[in-house]
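Down below is the structure, laid out as structure tokens.
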Amino acid sequence: MTTQTQSRMGATMNAPSALPAVPVKMQARDVKVFYGAKQALKGINLDIQENRVMALIGPSGCGKSTFLRCLNRMNDTIENCRVEGRLTIDGDDIYGRDIDPVQLRARVGMVFQKPNPFPKSIYDNIAYGPRIHGMASHRDEMDEVVQKSLQRAGLWNEVKDRLREPGTGLSGGQQQRLCIARAIAVSPDVILMDEPCSALDPIATAHIEELIDELRENYTIVIVTHNMQQAARVSQKTAFFHLGDMVECDDTEEIFTNPRDERTQGYITGRYG
Amino acid sequence: MTELADPDVRAVSPARSRYQSDEFVARLRRRYAAEQRFKYAGMAAIGLASLMLVVLLGSIISQGYTAFQQTSIALDITFDAAEIDPQGTRNPEVLAQANYAKLIRDSLGTVFPEATSRADRRTLSDLLSSGAPFELAMMVRDDPSLVGTTKRVWLTASDDVDQFMKGFIPRNVAETERRVNDVQVAAIDRLASKDSIEKSFNTTLFTAGDSREPELAGIWGAIVGSFMTLAITMALAVPIGVSAAIYLEEFAPKRWWTDLIEVNINNLAAVPSIVFGLLGLAVFLNFFGMPRSAPVVGGVVLALMTLPIIIIATRAALKAVPPSIREAALGIGASPLQTVLHHVLPLAMPGILTGTIIGMAHALGETAPLLMIGMVAFIVDIPGGFTDSATVLPVQIYMWADSPERAFTERTSAAIMILLGFLVLMNGLAVFLRKKFERRW
Ligand SMILES: Nc1ncnc2c1ncn2[C@@H]1O[C@H](COP(=O)(O)OP(=O)(O)O)[C@@H](O)[C@H]1O
Ligand SMILES: [Mg+2]
């Protein structure tokens, strides 16, 4: 029994031996997060595999966003938020002395719940990141970065004639893809998405889901979602959070068809009716 | 049984009847009536406020508009070479020393040959400003070839003649009751019949410094003093205030001491301005020995006064920038400073500029603290530097309001109009900048 639950946490261990082992991109070990005296995460262990989509599901307030924000140290910006435990990316301690949070956030990009383009032109929205990181030395190079990022985010054809127009003038779904393009532009390894579709209509949502599937080839993606079908559609691994605990993490199909924990079962069936 | 047979009717009819009942209609009517009453009360309040503004502006303008005109008198002046430059050297110093008052007396003598007594001639001389000989001296200085010629020139009339011409000194009262005597009234009428006395635009008001003679007094000295003082205020208060606000709002950890600072800044904004004047007197004049009446001291004192206003406005503007913009910038690896400088500050700019300009407008209209540091002195010269003695517009208004001459009354109102003009200009600038920098997000 004990061995079984442990193996469920270390997802690499129970990977079928027939397939080659997928390398682990990010790893969380006994991560605890406190907001002042209030504990939001109670010791999370989780492996995030490279070039896979990991979905985080669970009821509101269970700590999904909190965990996500640990992965790129966005929690640093929150007053009196304290993180304990060990988080690594490619084996390097994220909270260690060698990692600069500013650099880390370029490496671990983030897309937020509400599309938040800068009140600047579409071009400048994309170019800002590469510019501050010195990733393009002259105009042609920058133009190329902008074009490639927009193409990868599937937005290029829609905006190629209006790059100088404000990014805030786009539709909600386009804005969210612009934000994804903005994150891609600084060539991250990992992209974190916190309920990226919750403010979008079904068509825009389908667009983003397709995009996530394509992006998996080049990036490791962690997505928080309230929408169970969405988790089932886009992710290969799913982790279920409940009241600050990571209850179980397994292949998405496994979680949805054969959940081990009754809390998971309750949550999933509750949603499906 | 029949009731159950038609569930639709059961579901709809009670609701429908409730919203059609007399009680409901009456309540609706009361609600509309309340709304109407509130609307009328609001309109009445706005009407009253507008009325007061109109009365205020109306009284100032009606009292002050006459100051923009000044009476002058035309005289044929003989620039007698023997009188002005007996040696014929055309030496500017000699030209400046000449007795121009005598030229004026001689000219008046030819216009009014009947006035032979000393007293009458004196009375006639008083038609002209005591600055008139100086005006002649300036003409000769600018154009020495005038010497030896005779020319009709316009000279500034005295303030009493000016007030008489504007109708503020009635002619049908006893001679002892008015400041223009019968001889002068007759002379003015004679001049008027020859088109030799008239009102024209009062340039002196805009170009001269203060003077004891109303017709020679201007507010240019005060305007220059105000600008110098405000320049110092802005140079100190804006960078310090904006940086302090950015630090407090964006970087400072929330601790008991930041709360304490916040409370103190808010309190500072409510401290009576004269207290800042006392502080300036004690610290800058008495302790540091800085010069009295100088724009540099006034500027520092006003900067202290404006600082909390700018800090509060800037913090409010920064707070109004949505946190999602900060997250967006931080999320792609901008440093906190880059986030603030590239994204937050540009969005907060309209608010910061508005707050700054309103703070500056406050400083422009401030009198009390400047009285404490000696900027209330009577200063004739236009200040040439930040440490020269100077006065400022509101203090000038205060001093003119205190002067007994009738002509200063209208000049006081005129100066108020000019000060209000500057304030309107500054507020207009604030609106313009806000419109220009405003962006959606
Ligand atoms: N900035 C914060 N300060 C204090 N408590 C917070 C903060 N952010 C989140 N929390 C608390 O932490 C818990 C987890 O929140 P969150 O990670 O946002 O949940 P989820 O994203 O799963 O809905 C909640 O109980 C929430 O109230
Ligand atoms: Mg959340």
Side-chain angles (χ1 to χ4, degrees), chain A residues 36 65 68-69 71-80 100-121 124-135 149 166-169 175 178-188 191-194 199, chain B residues 244-263 314-354 433-441:
Chain A
S65 301
L68 203 66
R69 294 164 64 91
L71 297 176
N72 68 343
R73 290 186 64 172
M74 275 306 263
N75 280 334
D76 289 16
T77 60
I78 296 175
E79 197 80 30
N80 71 44
D100 176 51
V102 171
Q103 290 294 308
L104 175 74
R105 287 187 205 126
R107 207 163 144 197
V108 183
M110 191 157 195
V111 177
F112 298 84
Q113 184 167 357
K114 207 176 135 244
N116 57 353
F118 298 127
K120 297 175 187 285
S121 72
D124 286 337
N125 261 282
I126 310 291
Y128 180 71
R131 197 174 291 143
I132 59 171
H133 293 298
M135 289 169 60
S149 307
T168 43
Q175 286 189 21
L178 181 65
C179 293
I180 293 174
R182 183 175 66 189
I184 290 172
V186 292
S187 322
I191 302 176
L192 311 175
M193 301 186 177
D194 194 347
Chain B
I246 290 176
Y247 176 73
L248 285 173
E249 195 57 41
E250 302 287 334
F251 296 102
K254 301 274 173 291
R255 301 268 188 281
W256 63 267
W257 58 268
T258 38
D259 286 346
L260 193 72
I261 289 175
E262 176 152 8
V263 168
T314 304
R315 290 189 69 174
L318 291 172
K319 252 194 203 101
V321 175
S324 63
I325 296 293
R326 295 182 182 81
E327 286 184 332
L330 291 172
I332 51 170
S335 70
L337 187 65
Q338 285 173 328
T339 302
V340 170
L341 293 185
H342 296 165
H343 299 285
V344 179
L345 210 52
L347 290 175
M349 212 33 122
I352 295 175
L353 285 172
T354 311
L433 289 175
R434 183 162 46 204
K435 284 272 168 294
K436 188 171 146 76
F437 284 102
E438 213 153 54
R439 268 185 287 185
R440 289 174 305 126
W441 59 74

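Please read all numbers here as calculations on a predicted model, not as lab measurements.
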Which atoms of Gln103(A) are under 4.5 Å from chain B, going by heavy atoms: the side chain, the backbone, both sets, or neither? neither
Answer with side chain, backbone, both or neither: which region of Arg131(A) has an atom nearer than 4.5 Å to a non-hydrogen atom of chain B? neither
Among Gln113(A), Arg107(A), Glu79(A), the residue with the most heavy-atom pairs under 4.5 Å to chain B is Glu79(A)
Minimal heavy-atom distance between Leu330(B) and Arg105(A), with the atoms involved, is O-CD, 3.1 Å
Can you name the residues of residues 251-261 of chain B that have some heavy atom under 4.5 Å away from a heavy atom in chain A? Pro253(B), Lys254(B), Arg255(B)
Is the distance between the ring centroids of His343(B) and Tyr128(A) under 6.0 Å? yes
Results of ring-ring contact (aromatic ring centres under 6.0 Å, His included) for His133(A) - residues two or more places apart only: none
Flag side-chain contact, heavy atom, 4.5 Å: [X] against [Y]:
X         : Y         : result
Met193(A) : Ile180(A) : yes
Val344(B) : Leu318(B) : yes
Pro346(B) : His342(B) : no

Show your working on salt bridge (charged side-chain N to carboxylate O under 4.0 Å, His left out) between Arg69(A) and Glu327(B) and close with a plain yes or no. CA-CA 11 Å; Arg69(A) 294 164 64 91; Glu327(B) 286 184 332; 3.2 Å; yes
